[in-house]
Amino acid sequence: MDIPPLSEVRRLTEKKRDAWWTVLLVDPVATPLVRWTAKWTRVTPNQITWGALFLGLAAAACFARGDWKWLLIGAGLYHLSFILDCMDGKLARLTGRGSEFGGWLDYVFDRVRVLICAVALMGGQYSRTGEVAYVWLALVVVFLDALRYLDALQIFKVRHSMRKKIKARAKASRRAAQALMTAEELERDRERERREQERENDGDEEQGVAFMEDLLRENPTADLDNEPGQDDPDTGAEGGEQARPKEKKVVDLHVEFKSRFPWYGRFRTFLLRHRIRTHLVSGIEFQMAVFIVGPIFAAVMPVTIAAGALLMAFELAIIYKLLLSTRDFERTLASYPVPEAPAGLPAQPGSPAEENLSSQDSATAGRQ
């Protein structure tokens with residue numbers, strides 16, 4: 001296959017938001033390697049995933065030796081392992097050879113690597129010093145790593161559920177409004193719906209809803225209140241309108257959080273313009289601190305404790321942000337009234353009135 005130039009490979013393979021460790025210390029190496037691999041070899045993403053695991057096991061073997069020389073070698077191998085871990089996804093995106101099984105393999109091998117390296121690193125230090133605290137520290141590392149990824153999965157599910165309910169409510173509200181329209185008004189509304197759907201084949205477009213977090217991926221300044229007529233420095237568009245769909249309601253589930261922390265928007269925008277996400281201490285930074293920074297400076301215990309504390313602080317901040325988002329979610333749902341059709345007016349197929357009637361009939365049949 002034809003491999004595009006490096007600048008295009010960066011655009012295709014690098015995430016628009018990523019951990020600062022990845023952006024600053026991994027991507028500058030991994031992306032050129034991915035282009036070279038795709039151009040000159042037949043290596044598959046899954047083979048790279050296996051290579052990352054084997055390097056991780058080699059790092060664990062070095063960590064188990066305990067002394068500083070082996071810790072340095074282990075830290076270097078772990079970083080190489082992480083570079084390969086980033087390359088498999090990039091290669092899949094570039095070549096189109098990704099698979100669902102490959103995604104599962106990558107995730108499971110990441111957790112296996114952390115588990116084995118944590119046991120090896122802390123076990124090596126326990127053998128060297130005899131301090132039982134290292135045994136407990138191994139458990140802490142494994143627990144925090146699991147907690148981080150389980151929490152991320154559950155938060156994703158909650159946010160997905162909120163978005164789904166908002167889209168359903170928007171659709172129900174729109175259908176209820178259509179039930180009260182005249183034939184001419186209804187035809188105009190359906191024509192507008194058809195044009196929206198043709199313009200962008202997106203589920204959100206159907207209900208006339210866009211979510212601010214999606215817009216921010218395309219333009220980090222989408223939610224900033226630029227003054228009218230003030231050009232955006234990156235896009236040259238006027239006054240923040242460049243990323244806002246004109247015929248859709250933009251839903252922002254972080255309004256309350258931003259109102260409590262007004263400085264956050266500018267801080268986030270600065271980081272996102274450099275592709276760095278605001279979650280500065282995530283699972284990636286925690287791993288790098290434990291398995292690279294700590295061994296390099298022969299300070300495994302203090303660095304691990306500090307990194308763990310920072311990870312928990314950021315996790316609590318994310319949970320707090322989710323709590324505030326649920327309040328925005330409730331207010332957003334309340335902003336979509338679903339009017340009832342007047343008495344005697346037949347409900348349209350698929351309308352809320354008809355759905356409620358069907359539910360009542362089903363309930364009655366169940367009782368009988």
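Excluded from the calculations below are hydrogen atoms, water molecules and symmetry mates; all remaining heavy atoms, backbone and side chain alike, are included. Please read these numbers as outputs of a predicted model, since none were measured by experiment.
- Through side-chain heavy atoms spaced under 4.5 Å, either directly or across other Ile, Leu, Val, Met, Phe, Trp or Tyr residues, V142 is tied to L115, V119.
- Between I48 and the options D85, V43, L53, D106, a side-chain contact (heavy atoms from CB on, under 4.5 Å) holds for only V43.
- Residues passing the ring pair (Phe, Tyr, Trp, His ring centres under 6.0 Å) test with H274, sequence neighbours excluded: F270.
- Side-chain rings of W104 and Y107 stay apart, their centers remaining 6.0 Å or farther from each other.
- For the pair T332 (side chain) and D328 (backbone), a donor-acceptor distance under 3.5 Å is present.
- The distance between the ring centers of F82 and W21 does not fall below 6.0 angstrom.
- Around the NZ atom of K321, the shell of radius 6.0 Å holds more than 12 heavy atoms that belong to other residues, nucleotides or ligands.
- Using a 4.5 Å heavy-atom cutoff, the side chains of L144 and M312 are in contact.
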I would like to know whether T278 and Y264 meet side chain to side chain donor-acceptor pair (under 3.5 Å); could you show each step before the answer?
CA-CA 9 Å; T278 52; Y264 173 79; 3.2 Å; yes

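- Interatomic distance, CG of N46 versus OG of S99, reported as 5.0 Å (0.5 Å rounding).
- Between the CG atom in L25 and the CD1 atom in I83 there is a gap of 9.0 Å [rounded to 0.5 Å].
- Side-chain N or O atoms of S173 include none that pairs as donor or acceptor with a backbone N or O of A170 at under 3.5 Å.
- Using a 4.0 Å cut-off between charged side-chain N and carboxylate O, R327 and E330 make no salt bridge.
- Among I276, L271, T269, the single residue meeting the side-chain contact (heavy atoms from CB on, under 4.5 Å) criterion with R273 is T269.
- Under the side-chain hydrogen bond (donor to acceptor under 3.5 Å, both in side chains) criterion, no residue pair touches residues 61-71, with sequence neighbours excluded.
- Note: Y134 OH to T129 OG1 = 5.0 Å, rounded to the nearest 0.5 Å.
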Would you please test T326 and M162 for side chain to side chain contact (heavy atoms under 4.5 Å, CB included) and show each step?
CA-CA 8 Å; T326 59; M162 290 193 295; 4.1 Å; yes

